[in-house]
**Q** 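Mind having a look at this structure? Questions to follow.
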Amino acid sequence: MLFFSFVGWLLFSCMMMSFIEHQVHARMMHRKFFLAKRFAVFEKMFTSHAVLHHGTYAIEFSDEPVPPGEDKGIRLSVFEGVVESIFIAFVLCFISPIAAVAFVIVVAFHHTVWNLIHLEMHKPEGRFFSQWAVYKFLARHHMLHHNYPTKNMNVVFPFADYVLGTNAKARYSDIAQFYRAGYLRRQRNLPVSLNLI
């Protein structure tokens, strides 16, 4: 029973993290959050993402790998994410201690996965997961975000994009870009539109 409870809270935490990721990305990283005038951390978040990251990858989605520290706007701090999750975990603790633990685990997992896949998307090095179908799906999803910055706000858990109606529909030019990046491969006897899965 404890196992199923933990798995249930993990799934709930993944859905919750999807909405958190979506809203932070949409409201703080792509817009000047109202507290940005008072707190440098919010100004830095916006500038680092909307200006530097999207400015760097507005035309080319990926480029040559660079030394750590020079990958502007690509990485999240796992430690900061876990620290920030403590408040929500504290509230969840009143519902279930298992829920609190599950949420902190999901936040740490989310930030770790974000760092791995987001870096591979923009600075590809052929990491061990780069040929996995789930990675290629997430890479296509994120590539569309760079093509349409008000869409596809999720990088790791795209659930909220579908629920909130911010999922971008790929155009033919996007599909051609997927092929060039290696995120799609043509299968015999299938129309191009069916290769997106």
Side-chain angles (χ1 to χ4, degrees), residues 11 14-33 45-66 70-76 106 109-197:
L11 292 173
C14 286
M15 287 188 291
M16 195 162 71
M17 189 65 217
S18 178
F19 284 97
I20 291 168
E21 176 188 31
H22 185 284
Q23 291 301 293
V24 167
H25 194 170
R27 299 186 185 279
M28 296 175 158
M29 297 169 89
H30 277 273
R31 296 185 197 150
K32 281 207 173 190
F33 188 53
M45 183 188 299
F46 170 78
T47 303
S48 141
H49 185 76
V51 178
L52 293 177
H53 181 63
H54 274 270
T56 302
Y57 301 103
I59 298 169
E60 286 295 321
F61 183 67
S62 60
D63 61 13
E64 295 299 314
V66 295
E70 293 182 26
D71 45 3
K72 294 183 175 40
I74 295 180
R75 294 181 185 271
L76 297 177
V106 165
F109 173 79
H110 170 273
H111 282 47
T112 301
V113 170
W114 169 295
N115 288 338
L116 287 170
I117 69 173
H118 201 218
L119 191 59
E120 180 66 17
M121 289 170 189
H122 294 297
K123 306 284 186 184
E125 293 183 4
R127 290 168 179 85
F128 68 92
F129 54 83
S130 65
Q131 295 305 310
W132 295 359
V134 68
Y135 167 74
K136 289 184 177 192
F137 167 77
L138 293 172
R140 291 191 304 265
H141 188 81
H142 188 58
M143 186 179 276
L144 288 174
H145 169 66
H146 279 264
N147 293 348
Y148 313 102
T150 60
K151 300 287 187 181
N152 291 19
M153 293 296 170
N154 292 116
V155 175
V156 179
F157 301 132
F159 178 71
D161 276 319
Y162 291 96
V163 173
L164 299 175
T166 55
N167 182 50
K169 305 284 187 259
R171 298 178 181 158
Y172 284 111
S173 59
D174 302 318
I175 294 169
Q177 189 181 15
F178 297 159
Y179 280 109
R180 283 193 304 274
Y183 297 144
L184 280 179
R185 63 184 177 91
R186 184 105 179 160
Q187 296 177 10
R188 288 182 282 174
N189 303 326
L190 284 179
V192 171
S193 60
L194 294 180
N195 286 327
L196 289 175
I197 299 172

**Q** I need the L138 CG to Y135 OH distance, nearest 0.5 Å.
**A** 9.0 Å
**Q** To the nearest 0.5 Å, tell me how far R140 CZ sits from N152 CG.
**A** 11.5 Å
**Q** Without swapping roles, check the side chain of E21 against the backbone of M153 for a donor-acceptor pair under 3.5 Å.
**A** no
**Q** With rounding to the nearest 0.5 angstrom, report the CZ to CZ distance, F61 to R180.
**A** 13.0 Å
**Q** Mind checking side-chain hydrogen bond (donor to acceptor under 3.5 Å, both in side chains) for N167 and listing every partner two or more places apart, or none if nothing turns up?
**A** none
**Q** Considering all heavy atoms of both residues, which atom of P158 and which atom of N154 are nearest to each other, and what is their separation?
**A** CA-CB, 3.4 Å
**Q** Can you list everything that forms a side chain to side chain contact (heavy atoms under 4.5 Å, CB included) with A181? Sequence neighbours excluded, please.
**A** M143, Y183
**Q** More than 12 heavy atoms of other residues, nucleotides or ligands under 6.0 Å from CZ of R127: is that the case?
**A** yes
**Q** Specify the closest pair of heavy atoms between L144 and A168, including all atoms of both residues, with the distance to one decimal.
**A** CD1-O, 3.8 Å
**Q** How many angstroms lie between CD1 in I20 and NE2 in H25, if you round to the nearest 0.5 Å?
**A** 15.5 Å
**Q** To the nearest 0.5 Å, how far apart are CZ in F178 and CZ in F137?
**A** 10.0 Å
**Q** For the CG atom of N115 and the NE2 atom of H110, what is their distance to the nearest 0.5 Å?
**A** 9.5 Å
**Q** Specify the closest pair of heavy atoms between A160 and H22, including all atoms of both residues, with the distance to one decimal.
**A** CB-CB, 3.8 Å
**Q** Listed by chain and number, what are the side-chain hydrogen bond (donor to acceptor under 3.5 Å, both in side chains) partners of K136, not counting sequence neighbours?
**A** Q131
**Q** Just jot down the side chain to side chain contact (heavy atoms under 4.5 Å, CB included) partners of R171, sequence neighbours excluded, or say none.
**A** Y148, S173, D174
**Q** List in chain and number order the residues that pass side chain to side chain contact (heavy atoms under 4.5 Å, CB included) with F159, two or more places apart in sequence or in another chain; answer none if no residue qualifies.
**A** M15, S18, F19, V163
**Q** Return yes if a side-chain donor-acceptor contact under 3.5 Å exists between H145 and D161, otherwise no.
**A** no
**Q** So, for I117 and V156, which heavy atoms are closest and what is the spacing to 0.1 Å?
**A** CD1-CG2, 4.4 Å
**Q** Would you please name every residue forming a ring-ring contact (aromatic ring centres under 6.0 Å, His included) with Y162, sequence neighbours left out?
**A** none
**Q** Centroid-to-centroid, H122 to H118, below 6.0 Å?
**A** yes
**Q** Work out which heavy atom in E120 is nearest to a heavy atom in S130; give both atom names and the distance.
**A** OE2-CB, 3.5 Å
